[in-house]
There are 2 protein chains.
Amino acid sequence: MTNPLTDRQRQVLDLIERHIRTTGVPPTRAEIADALGFRSANAAEDHLRALARRGAIELTRGRSRGIRLIALAGASADGASTRAGLDSAALDLPAIGRVAAGSPILAAEHVEDRYPIGPDLFHPRADYLLRVRGSSMRDAGILDGDLLAVHAAQTAENGQIVVARLNDEVTVKRLRRHARWVYRVELVAENPDFAPIVVDLRQQELTIEGIAVGVLRLGLAGPQQL
Amino acid sequence: MTNPLTDRQRQVLDLIERHIRTTGVPPTRAEIADALGFRSANAAEDHLRALARRGAIELTRGRSRGIRLIALAGASADGASTRAGLDSAALDLPAIGRVAAGSPILAAEHVEDRYPIGPDLFHPRADYLLRVRGSSMRDAGILDGDLLAVHAAQTAENGQIVVARLNDEVTVKRLRRHARWVYRVELVAENPDFAPIVVDLRQQELTIEGIAVGVLRLGLAGPQQL
DNA sequence: CCGATGACTGGATAAAAATACAGTGATGAC
DNA sequence: GTCATCACTGTATTTTTATCCAGTCATCGG
């Protein structure tokens, strides 16, 4: 018995599961709409009704966040198998420095070091640490030289801080997306000195490399100044 | 060393767990009040605050049903007590939440959790993680809720970020001291909204508890906003 | 071409929830 | 005796949240 779910419904279902795992509570209609870029919470409502009709979830009328997952039979589609060569049972994480153009982030020559940090400290799990260059995310508390804990993923939700590759350059920004924008996304800095980067997907290729799940700053010791 | 929870608090905690198990979502304040017979939802609110202070749950401000169970230490306190005190050879660090007035920072009841991070990652070595409250060090990239890696020390140098105790309150600030000042030091916030605290050592006792050696931020995952 | 279905926008509204404020007793420490 | 903490009552007020209504556009089977 395969799933009669549509792709979009599958995405909504995955989002619900992810939301419960990361926040402890199911999402509201508005949160679903925001995460998937809908401009109306009613779109989320429609999806929930459809999922309930198909038996994937159970809704409790009138109760806020009254969404319950039923029998998680199928494996989720979202990039579960992509962690190539990463030991999930490891107690440490590789730190990635400057990434050369054209090569994958996790290529061995990019690994500067390994740090004794449990990957499962973060939710979702961190796959590597990326050394941040520049101050474009300053107001999000991510400073030059910080190590960003990254969960490797090919997709991200509106509002998340992502590691993206644009024109073969790797950058860290907040992702902005709307349902109305078909060929457009924005990479927004968290610092008024930097303008948002508007990406036209018909002209430029944008690859999501992962989502930020934490920050680690070492070397706070010395009496250095900003 | 049993739970620092009172009987009533334990009952509330059990109820929350039961509610999640049976309905799939955490309870609201009104539902807690109703289940335990309170006539005011505010009674539930008070209990939740107390449980959060003790690290049994985590509350998300403004989010309906934003209650999360932390580290299910087990219903009853079994013989195997948790590692209290200072294991130097450990691979993890204790995280300290709110520090009660008059008691030492590393007292067992302040330990919210332990995180798998090698103490030697930091220089000098970190002895514990302190959960930062407030935004007074915002411009140093230390945000509300961050975990500050702290090296226990009784002295610090000018310009270092320190964990200090003043009037029995623990605070994180940058230390300012000049050779010319004999009885004076300043604790400077890294945020223009906070004025520097000028300390006259003849009148107030200032204790250095440690110096900041790093920052760790978890929970960067969800699409939450600042 | 028609009607059903999926995937939405936009606006409105009532109910549900969080949370602030002001109190009351009781208990135990100092 | 005073103070802090716990365990509440009661009243507001503001946000959140669920949910309804009225449409639009595209696709697909018949």
Side-chain angles (χ1 to χ4, degrees), chain A residues 3-16 19 23-54 56-68 158 177-182, chain B residues 3-13 15-16 19 23-54 56-68 98-103 109 167-169 222-225:
Chain A
N3 272 325
L5 296 185
T6 66
D7 287 356
R8 209 58 170 141
Q9 285 165 5
R10 174 101 247 154
Q11 283 175 38
V12 174
L13 189 58
D14 286 346
L15 170 71
I16 295 168
H19 196 279
T23 72
V25 287
T28 63
R29 274 68 168 166
E31 283 164 351
I32 294 173
D34 188 57
L36 294 177
F38 309 157
R39 315 191 72 179
S40 168
N42 196 40
E45 177 78 16
D46 286 353
H47 281 303
L48 292 177
R49 299 280 175 105
L51 285 169
R53 232 183 346 227
R54 287 165 163 79
I57 61 173
E58 195 180 293
L59 293 174
T60 306
R61 267 199 61 103
R63 160 174 283 162
S64 73
R65 302 176 190 276
I67 304 171
R68 190 160 207 193
N158 181 37
R177 193 164 51 182
H178 290 297
R180 164 170 295 185
W181 301 346
V182 181
Chain B
N3 285 321
L5 297 184
T6 66
D7 287 356
R8 208 61 170 139
Q9 286 164 5
R10 178 100 247 156
Q11 282 174 39
V12 175
L13 189 58
L15 170 70
I16 294 169
H19 196 278
T23 72
V25 287
T28 64
R29 274 68 169 164
E31 284 165 350
I32 294 172
D34 189 55
L36 295 177
F38 310 155
R39 317 191 71 180
S40 167
N42 198 41
E45 175 80 15
D46 287 352
H47 280 303
L48 291 177
R49 299 277 175 105
L51 286 169
R53 232 179 300 132
R54 287 166 163 78
I57 62 172
E58 194 180 293
L59 294 175
T60 306
R61 266 198 61 106
R63 160 175 282 162
S64 72
R65 304 178 189 275
I67 303 171
R68 188 163 206 188
R98 190 179 285 253
V99 177
S103 63
E109 65 264 33
N167 301 328
D168 240 310
E169 244 193 298
Q224 71 278 64
Q225 225 41 246

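Chain identifiers are assigned alphabetically (A, B, ...) following the order of the sequence lines, protein sequences preceding nucleic acid strands; residue numbering begins at 1 within each chain.
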Taking all heavy atoms of [X] and all of [Y], pick out the closest pair and write down the distance.
| X | Y | result |
| --- | --- | --- |
| B/Ile16 | B/Leu51 | CD1-CD1, 4.4 Å |
| A/Ala33 | A/Ala44 | N-CB, 4.3 Å |
| A/Leu48 | A/Leu59 | O-CD1, 3.9 Å |

Spacing of [X] atom [atom1] relative to [N] atom [atom2], expressed in whole Å:
| X | N | atom1 | atom2 | result |
| --- | --- | --- | --- | --- |
| A/Arg8 | D/dC25 | CZ | P | 19 Å |
| A/Arg10 | C/dG6 | CZ | P | 16 Å |
| B/Glu31 | C/dA15 | CD | P | 17 Å |
| B/Asp34 | C/dA18 | CG | P | 14 Å |
| B/Phe38 | C/dG25 | CZ | P | 19 Å |
| B/Arg65 | D/dT15 | CZ | C1' | 15 Å |
| A/Leu48 | C/dA7 | CG | P | 12 Å |
| A/Leu36 | C/dA7 | CG | C1' | 12 Å |

| field | ring pair (Phe, Tyr, Trp, His ring centres under 6.0 Å) contacts touching residues 29-54 of chain A (sequence neighbours left out) | value | A/Phe38-A/His47

Within the sub-3.5 Å range, which N or O atoms of nucleotides 19-24 of chain D have a protein N or O partner, and how far apart are they?
from: D/dT19; atom 1: OP1; to: A/Gly62; atom 2: N; distance (Å): 2.5
from: D/dT19; atom 1: OP2; to: A/Arg29; atom 2: NH2; distance (Å): 3.0
from: D/dC20; atom 1: OP1; to: A/Arg61; atom 2: NH1; distance (Å): 3.2
from: D/dC20; atom 1: OP2; to: A/Arg49; atom 2: NH2; distance (Å): 2.7
from: D/dC21; atom 1: N4; to: A/Asn42; atom 2: ND2; distance (Å): 2.9

| query | When the nearest nucleotide of DNA chain D is assigned to B/Arg39 and to A/Gly66 on a heavy-atom basis, which residue is associated with the more 5' position? | reply | B/Arg39

| Considering heavy-atom distances to DNA chain D, does B/Ala50 or B/Ser64 have its closest nucleotide positioned more toward the 5' end? | B/Ala50

| request: Inspect the surroundings of CZ in B/Arg39 and state if more than 12 heavy atoms from other residues, nucleotides or ligands are less than 6.0 Å away. | output: no

| Full working for side chain to side chain contact (heavy atoms under 4.5 Å, CB included) between A/Val25 and B/Val25 | CA-CA 6 Å; A/Val25 287; B/Val25 287; 5.8 Å; no

| query | Touch check for A/Ala43, heavy atoms < 4.0 angstrom, all strands: base, sugar-phosphate only, or nothing? | reply | base

| message | Go nucleotide by nucleotide along DNA chain C from the 5' end; which of B/Thr28 and A/Gly37 gets its closest nucleotide reached first? | response | A/Gly37

| A/His47 side-chain proximity, nearest of D/dA7, C/dC8, D/dA18 | C/dC8

| Below 3.5 Å, does any donor atom in the side chain of B/Ser40 face an acceptor in the base of D/dG10, or the other way round? | yes

| task | Carefully, step by step, assess B/Arg65 and A/Arg63 under the rule side chain to side chain contact (heavy atoms under 4.5 Å, CB included). | result | CA-CA 10 Å; B/Arg65 304 178 189 275; A/Arg63 160 174 283 162; 3.2 Å; yes

